[in-house]
Amino acid sequence: LELQETTPRYRLPRDPGPASVDDHLAGVGRSSRRTMRLYRRRAADAGAVVRFDTPDRALRRDVLDLCLATADKHAPGYYPPDELEALLRALGEDCRILRLELDGTLLAASICLLDRRSAHFWAGGSLYPDELNWSPQYVLFAAEMEAGLGTGRPVLEFGRRNDEFKTRYGLRPVRLGRVVG
């Protein structure tokens, strides 16, 4: 057996940590802060709606398809939709689905796994319609932070990948290892 380092996951510093998304954004670069605030305002002006709810109320095929399409960019077949749906429904209250919609169309989604100490935004993805003047990814990330802070949990994690974006927005990498045999 061999221990290997793998792609890190990212965590929002929480000791003591920000009380709000705006508190957190105050600590990132001016350009990044301005971009995030601009996209959030444009999304709100467009009528975008964010919901953070249990799988029985928020999990639909569109969420599963979006997670699969996003993961397929890095690891084809990583989230088989039927198995993913069964897992998320079995988790019940220990799972939340964050949905970002515009005019009833899903633009972005995130799956959050909950335990006593942490809210882990584990998987998700975004669409990028040409007609938008804002980024669903940015708005989703802000909504993840807001929802995570709202859970009151001391640990907020934001999955792996997209290293440059996550470090630019003040998340810290957590090293991960794997055992290969």
Side-chain angles (χ1 to χ4, degrees), residues 8-55 57-60 62-63 66-67 69-71 73 88 95-115 117-174:
R9 65 178 187 248
Y10 286 84
R11 184 177 286 173
L12 181 69
R14 296 279 295 146
D15 190 17
S20 70
V21 174
D22 283 331
D23 284 349
H24 177 70
L25 290 177
V28 303
R30 182 174 181 250
S31 176
S32 296
R33 181 173 53 248
R34 189 174 9 146
T35 299
M36 180 68 75
R37 288 179 176 154
L38 174 66
Y39 288 164
R40 290 175 75 196
R41 187 175 62 252
R42 285 179 176 176
D45 290 347
V49 175
V50 174
R51 289 186 19 220
F52 189 57
D53 216 335
T54 55
R57 291 189 287 267
L59 183 61
R60 308 278 180 276
D62 55 0
V63 171
L66 185 55
C67 288
T70 301
K73 296 174 190 173
L88 300 179
C95 179
R96 295 290 184 280
I97 308 297
L98 195 152
R99 298 176 61 95
L100 171 64
E101 298 178 356
L102 182 62
D103 298 327
T105 299
L106 183 71
L107 294 180
S110 181
I111 297 167
C112 180
L113 307 178
L114 301 169
D115 63 30
R117 290 192 29 81
S118 65
H120 182 82
F121 291 89
W122 170 60
S126 299
L127 300 176
Y128 303 96
D130 290 336
E131 64 273 13
L132 296 182
N133 65 351
W134 51 276
S135 168
Q137 179 199 359
Y138 280 71
V139 177
L140 178 69
F141 177 63
E144 288 173 328
M145 286 193 294
E146 187 171 328
L149 291 167
T151 69
R153 286 166 169 82
V155 177
L156 302 182
E157 293 189 341
F158 296 87
R160 304 183 315 156
R161 308 258 187 243
N162 208 352
D163 306 306
E164 188 275 329
F165 176 87
K166 290 177 180 176
T167 55
R168 180 168 21 108
Y169 278 97
L171 301 184
R172 302 279 160 64
V174 176

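Counting heavy atoms from C-beta outward, M145 and F121 have side chains that stay 4.5 Å or more apart. Looking only at side-chain heavy atoms (C-beta outward), L107 and V139 stay at 4.5 Å or farther from each other.
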Next item on the list: Take L25 and R40, measure what side-chain contact (heavy atoms from CB on, under 4.5 Å) needs, and give me the verdict at the end.
Entry: CA-CA 12 Å; L25 290 177; R40 290 175 75 196; 4.2 Å; yes
Notebook entry, point to check: Checking side-chain contact (heavy atoms from CB on, under 4.5 Å) for the pair I97/T54: CA distance, chi angles, key distance, verdict?
Noted result: CA-CA 6 Å; I97 308 297; T54 55; over 6 Å; no
Next item on the list: Take V50 and R99, measure what side-chain contact (heavy atoms from CB on, under 4.5 Å) needs, and give me the verdict at the end.
Entry: CA-CA 6 Å; V50 174; R99 298 176 61 95; over 6 Å; no
Margin query: Walk me through whether W134 and L102 qualify under side-chain contact (heavy atoms from CB on, under 4.5 Å).
Written below: CA-CA 12 Å; W134 51 276; L102 182 62; 4.1 Å; yes
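Here the CG-OG distance, from L156 to S118, works out to 8.5 Å after rounding to the nearest 0.5 Å. Taking CD of E144 as the start and CZ of R96 as the end, the distance is 15.0 Å to the nearest 0.5 Å. Summarising the geometry, atom SG belonging to C112 is positioned 12.5 Å from atom CG belonging to D53; distances are rounded to the nearest 0.5 Å. The CZ atom of R33 sits 7.5 Å away from atom CZ of R30, with the distance rounded to the nearest 0.5 Å. With rounding to the nearest 0.5 angstrom, the NE2 atom of H120 is 9.0 Å from the OG atom of S110. Taken to the nearest 0.5 Å, the CZ atom of R11 stands 11.0 Å off from the CG atom of L171.
At most 12 heavy atoms of other shown residues, nucleotides or ligands fall within 6.0 angstrom of atom CZ in R172. With a 6.0 Å radius and a threshold of 12 heavy atoms from other residues, nucleotides or ligands, E146 has its CD atom at or below the threshold.
At least one donor-acceptor pair under 3.5 Å links the side chain of R60 to the backbone N or O of R57. Using a distance-only test at 3.5 Å, with no hydrogens or angles considered, no donor-acceptor pair links the side chain of H24 to the main chain of A142. A distance-only check finds no donor-acceptor pair linking the side chain of Y169 to the backbone of V28 [under 3.5 Å]. Looking only at distances, no side-chain donor or acceptor of K166 sits under 3.5 Å from a matching main-chain atom of R9.
Shown here for A48 and L100, the closest heavy-atom pair between the two residues is CB-CD1, 3.9 Å. Nearest heavy-atom pair across L140 and G125 is CD2-O, 4.0 Å. Residues A58 and V63 approach most closely at O-CG2, 4.1 Å, considering heavy atoms. The two residues L88 and C95 have their closest heavy-atom pair at CD2-SG, 3.8 Å. Considering every non-hydrogen atom in both I111 and C67, the closest pair reads CD1-SG, 3.7 Å. Of all the heavy atoms in P136 and S126, the pair that sits closest is C-OG, 3.9 Å.
A perpendicular orientation is assigned to the rings of Y138 and F165, their planes being inclined by more than 60° (bins at 30° and 60°).
Ionic pairing of R153 and D115 is not present here: no N-O contact between side-chain nitrogen and carboxylate oxygen is shorter than 4.0 angstrom.
Residues satisfying the side chain to side chain donor-acceptor pair (under 3.5 Å) criterion with Q137, sequence neighbours excluded, are absent altogether. For D163, the side chain to side chain donor-acceptor pair (under 3.5 Å) partners are Y10, not counting sequence neighbours.
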